[in-house]
Amino acid sequence: THPEMVRSAGVALFTISACLLAAHSHAYLPGCLPTGMPLRGSASASTIAMNSEPLARRQLLQVFAAAPALAFSSQAAVADAISAESLLKQWTEIGDKVKKQQDELTEDEWKKIQGMLQRLTLSKSDVDQLAKGLSSDKSEKITRIATTMKFQAMAADEPAQLRDAVGFLNEFPSLEDSLREIAALRK
């Protein structure tokens with residue numbers, strides 16, 4: 001029937017959204033694969049999302065609650081006109097905060113740092129947005145810098161996972177320099 005089809009489509013969309021958010025924020029959600037796709041069968045995310053088990057509902061709500069803070073490399077980020085200047089400003093603020101609070105950073109703050117590191121592994125659409133309107137020479141340079149930034153972000157993510165402020169601060173300047181280079185190319 002029509003209402004049942006609408007409900008089924010709504011559940012499917014909700015399920016896929018939940019799994020994609022969980023995968024993007026590196027959160028665990030029962031019934032979802034790490035790739036962001038829901039499992040098929042009776043243990044699917046839609047079954048879990050619709051059942052009354054409090055733990056599964058809490059996990060799902062945590063994923064949706066964390067999504068705005070952690071889903072940095074999404075189409076929404078591109079739609080917000082990603083700019084090297086804004087990334088540099090955010091990155092500098094993170095560096096200042098880590099320098100000042102080192103041992104006092106909370107788990108949530110470290111997760112936000114890891115989210116920013118994930119954002120700095122610029123997607124193809126992010127790089128295209130940054131290179132838009134530039135000469136081919138500058139576009140190629142931005143692409144090379146973005147590739148380097150992926151490795152720099154992975155290097156900085158290791159101490160961030162370990163909540164090692166000193167190790168993180170050792171990796172911090174290389175990403176800052178890369179962002180400054182991109183910002184300079186954009187001028």
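Remember, it's a predicted structure, so these values are computed and weren't measured experimentally.
Taking the side-chain contact (heavy atoms from CB on, under 4.5 Å) definition, one finds that Lys132 meets it with nothing, sequence neighbours left out. Contacts of Asp164 classified as salt bridge (charged side-chain N to carboxylate O under 4.0 Å, His left out), with partners at least two apart in sequence or in another chain: none. With sequence neighbours excluded, the residues forming a salt bridge (charged side-chain N to carboxylate O under 4.0 Å, His left out) with Glu176 are Arg180, listed by chain and number. Asp137 pairs by the salt bridge (charged side-chain N to carboxylate O under 4.0 Å, His left out) definition with Lys141, not counting sequence neighbours. With sequence neighbours left out, the side chain to side chain donor-acceptor pair (under 3.5 Å) criterion links Thr106 to Glu109. With sequence neighbours left out, Arg163 forms a salt bridge (charged side-chain N to carboxylate O under 4.0 Å, His left out) with Glu107. With sequence neighbours left out, Glu181 forms a side-chain contact (heavy atoms from CB on, under 4.5 Å) with Ile145. Asn170 pairs by the side chain to side chain donor-acceptor pair (under 3.5 Å) definition with nothing, not counting sequence neighbours. When the side chain to side chain donor-acceptor pair (under 3.5 Å) test is applied to Ser139, no partner is found at least two apart in sequence or on another chain. With sequence neighbours excluded, no residue satisfies side chain to side chain donor-acceptor pair (under 3.5 Å) with Lys100.
Its side chain outside the 4.5 Å cluster rule for every partner, Leu162 clusters with none of the Ile, Leu, Val, Met, Phe, Trp and Tyr residues.
Once rounded to the nearest 0.5 Å, the distance linking CD of Gln118 with CG of Asp157 reads 9.0 Å. Going from atom CE of Met116 over to atom CD1 of Ile94 covers 5.0 Å, rounded to the nearest 0.5 Å.
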* What's the verdict on side-chain contact (heavy atoms from CB on, under 4.5 Å) for Leu88 and Ile182, showing C-alpha distance, side-chain angles and the deciding distance? -> CA-CA 9 Å; Leu88 179 59; Ile182 291 174; over 6 Å; no
* Going through the distances and angles, do Arg119 and Leu87 end up as a side-chain contact (heavy atoms from CB on, under 4.5 Å)? -> CA-CA 9 Å; Arg119 184 177 187 185; Leu87 290 173; 3.4 Å; yes
* Please step through salt bridge (Lys or Arg N to Asp or Glu O under 4.0 Å) for the pair Lys112 and Asp108, ending with a clear verdict. => CA-CA 6 Å; Lys112 287 179 183 175; Asp108 284 344; over 6 Å; no
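Taking every heavy atom of both residues into account, Met149 and Leu120 meet most closely at CE-O, 3.6 Å. Residues Ala165 and Val98 come closest through the heavy atom pair CB-CG1, 4.0 Å. Contact record, Leu117 with Ala160: CD1-CB, 4.1 Å, taken as the closest heavy-atom pair. Across Val127 and Ala146, no two heavy atoms sit closer than the pair CG2-CB, 3.5 Å. For the pair Leu134 and Leu185, the tightest heavy-atom approach, listed with the atom from each and the gap, is CD2-O, 3.9 Å.
Looking only at side-chain heavy atoms (C-beta outward), Glu171 and Glu158 stay at 4.5 Å or farther from each other.
Under the 3.5 Å distance criterion, the side-chain polar atoms of Asp126 are matched with a main-chain donor or acceptor of Ser123. A distance-only check finds no donor-acceptor pair linking the side chain of Arg186 to the backbone of Ser83 [under 3.5 Å].
Here the rule is side-chain contact (heavy atoms from CB on, under 4.5 Å) with Lys97, and of Ile113, Leu105, Thr92 only Leu105 fits it.
Listed by first and then second residue, the side chain to side chain donor-acceptor pair (under 3.5 Å) pairs involving residues 143-156 are Gln152-Ser178 (not counting sequence neighbours).
A perpendicular orientation is assigned to the rings of Phe168 and Trp91, their planes being inclined by more than 60° (bins at 30° and 60°).
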